[in-house]
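Worksheet: the structure to be examined is printed underneath.
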Amino acid sequence: MTILVTGATGVVGRGVVGELLRAGRRVRALTRRPAAAGLPGEVEVCEGDLERPESLRAALAGVERLYLFPVARTAAEVVALAAESGVRRIVDLSGAGADDETFEDGYRVVERAVEASGLDWTHVRPGEFAANWLDWAPSIRAERTVRRPHGGAVTQPTHEADVAAVAAAALLGDGHEGRTYTFAGPEALTVVEQVEAIGRAIGERVRFEEQDPVAAREQWIRDGYPAEVVDWLFGMWAASARDPAPVDEEWACVVPRLTGRPARTFSEWAAENAAAFS
């Protein structure tokens, strides 16, 4: 059985490849730049781009199961091509807030395309990625400072390796058909507490500066984030800062239940990625 991993060089896709290899499965990886993929030698690397569905035709040949990185604009075409090529199961990467999205090119577009395919499907909906903190690595390296709005907002940071492990479990195991797995890390931490954890990982104090939400919104939009996405995200942060929630135990138990081991903490993630911030 051949499993195709799209987005194979991303923070989750690379982990999915590793999980499947450890399980002894035949893995094919899709990437736009095969020469720069840096994947293990036993992986069959194919060139293709989810933005151009027809470029996936060769990579899909003989594939039974597919890990789908979410590209909303072409999701319906990609899924149709997968079904035509003989794929039987799709596991798509989504997000914990998919049901609350208010924009037209989000995760739910991909999920609906997968659900309409007639194939076996599983939605993998992690909470906020711990790896999102890498966006602040330049300011932490240069100034030992993080500037963000809503420092009191609480999230359960999700280690990308746990996301990959859940996706691999859904690809390989039985009983995952038609399931939506919404999950997150084991801790509910404020933004400030996450900054402090990064500081401990690098052995230096990292300051947090509360940024005005209006100014931050303008900056994020200038940096290329769609306004509707910024408004959705900032709205969630503002609500959380006003009314911080404890650990969502239902979300926290998914990784242990599906993988047989505890979910990784944010401190573990920060220690593993300390070099990015030092």
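Glu177 places a side-chain N or O within 3.5 Å of a backbone atom of Gly175 that can act as its donor or acceptor partner. Judged by distance alone, the side chain of Glu77 and the main-chain N or O of Thr74 form no donor-acceptor pair under 3.5 Å. Of the possible polar contacts, none joining the Thr122 side chain to the Gly178 backbone as a donor-acceptor pair under 3.5 Å is found. At distances below 3.5 Å, at least one donor-acceptor pair connects side-chain atoms of Gln156 with backbone N or O atoms of Asp248. Using modelled atom types, one side-chain atom of Arg89 and one backbone atom of Leu171 make a donor-acceptor pair closer than 3.5 Å. Between the side chain of Ser240 and the backbone N or O of Trp237 there is no donor-acceptor pair closer than 3.5 Å. Checked by atom type and distance alone, the side chain of Thr182 never pairs as donor or acceptor with a backbone atom of Arg125 at under 3.5 Å.
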(request) Could you walk me through whether Leu119 and Val114 pass side-chain contact (heavy atoms from CB on, under 4.5 Å), step by step? (result) CA-CA 8 Å; Leu119 306 176; Val114 171; over 6 Å; no
(request) Evaluate side-chain contact (heavy atoms from CB on, under 4.5 Å) for Arg14 paired with Val17, printing each intermediate quantity in order. (result) CA-CA 5 Å; Arg14 195 176 290 274; Val17 169; 5.7 Å; no
(request) Evaluate the side-chain contact (heavy atoms from CB on, under 4.5 Å) criterion for residues Phe69 and Val110: first the C-alpha distance (whole Å), next the side-chain angles of each, then the deciding distance (0.1 Å), finally the verdict. (result) CA-CA 9 Å; Phe69 180 84; Val110 180; over 6 Å; no
(request) Take Arg217 and Asp231 through the test side-chain contact (heavy atoms from CB on, under 4.5 Å) and record every step on the way to the result. (result) CA-CA 8 Å; Arg217 180 183 185 276; Asp231 291 340; 2.6 Å; yes
Distance-only donor-acceptor hits, side chain of residues 271-278, under 3.5 Å, sequence neighbours excluded:
from	atom 1	to	atom 2	distance (Å)
Glu272	OE1	His159	NE2	2.7
Asn273	ND2	Trp269	O	2.8
Ser278	OG	Ala274	O	2.9

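Applying the side-chain hydrogen bond (donor to acceptor under 3.5 Å, both in side chains) definition to pairs two or more places apart or across chains, those involving residues 143-155 are Glu128-Thr155, Glu143-Arg147, Arg144-Glu204, Thr145-Arg207, Arg147-Glu209, Thr155-Gln194.
Around CD of Glu84, the count of heavy atoms belonging to other residues, nucleotides or ligands within 6.0 Å exceeds 12. Counting heavy-atom neighbours within 6.0 Å of Arg88 CZ, excluding the residue itself, gives a total of 12 or less. Heavy atoms from other residues, nucleotides or ligands lying under 6.0 Å from CZ of Arg141 number more than 12.
A distance of 11.5 Å separates CG in Leu20 from CD in Glu42, rounded to the nearest 0.5 Å. With rounding to the nearest 0.5 angstrom, the CD atom of Glu51 is 11.0 Å from the CG atom of Leu56. Taken to the nearest 0.5 Å, the CD atom of Gln211 stands 8.5 Å off from the CH2 atom of Trp220. How far OH of Tyr225 is from CG of Asp135: 4.5 Å, rounded to the nearest 0.5 Å. Put simply, CG on Leu66 and OG1 on Thr2 are 12.5 Å apart, with the number rounded to the nearest 0.5 Å. Rounded to the nearest 0.5 Å, atoms CD (Glu111) and CG (Asp99) are 7.0 Å apart.
By the criterion of side-chain heavy atoms lying less than 4.5 angstrom apart, applied directly or through intervening Ile, Leu, Val, Met, Phe, Trp or Tyr residues, Leu68 is grouped together with Val45 in one hydrophobic cluster. In the hydrophobic clustering of this structure, Trp251 does not group with Leu258; members are Ile, Leu, Val, Met, Phe, Trp, Tyr whose side-chain heavy atoms approach within less than 4.5 Å, directly or through other members. In the hydrophobic clustering of ILVMFWY residues, with side-chain heavy atoms under 4.5 Å counting as a link, Phe129 and Val195 come out apart. Val71 and Val63 fall within a single hydrophobic cluster, where Ile, Leu, Val, Met, Phe, Trp and Tyr are joined by side-chain heavy atoms under 4.5 Å apart, directly or via other members. Under a hydrophobic clustering in which Ile, Leu, Val, Met, Phe, Trp and Tyr are joined whenever their side-chain heavy atoms come within less than 4.5 Å, directly or via other members, Trp136 and Leu189 fall into the same cluster.
Closest approach of Ser139 and Val146 over heavy atoms only: OG-CA, 4.4 Å. Considering all non-hydrogen atoms of both residues, Arg200 and Ser267 come closest at NH2-OG, 3.9 Å. The shortest non-hydrogen separation linking Ala58 to Arg28 is O-NH1, 3.9 Å. Between Val163 and Pro126, the closest heavy-atom pair is CG2-CB, 3.6 Å. Nearest heavy atoms, Tyr107 versus Leu93: CD2-O, 3.9 Å. The two residues Arg261 and Ala161 make their nearest non-hydrogen contact at NH2-O, 4.2 Å.
A side-chain donor-acceptor contact under 3.5 Å links Glu268 and Thr265.
Between Leu21 and Val43, the closest side-chain pair of non-hydrogen atoms falls below 4.5 Å. Residues Val214 and Phe234 fail the side-chain proximity criterion, which asks for heavy atoms closer than 4.5 Å.
Here the options are His176, Glu115, Arg179, the test is side-chain hydrogen bond (donor to acceptor under 3.5 Å, both in side chains), and the partner is His123; only Glu115 passes.
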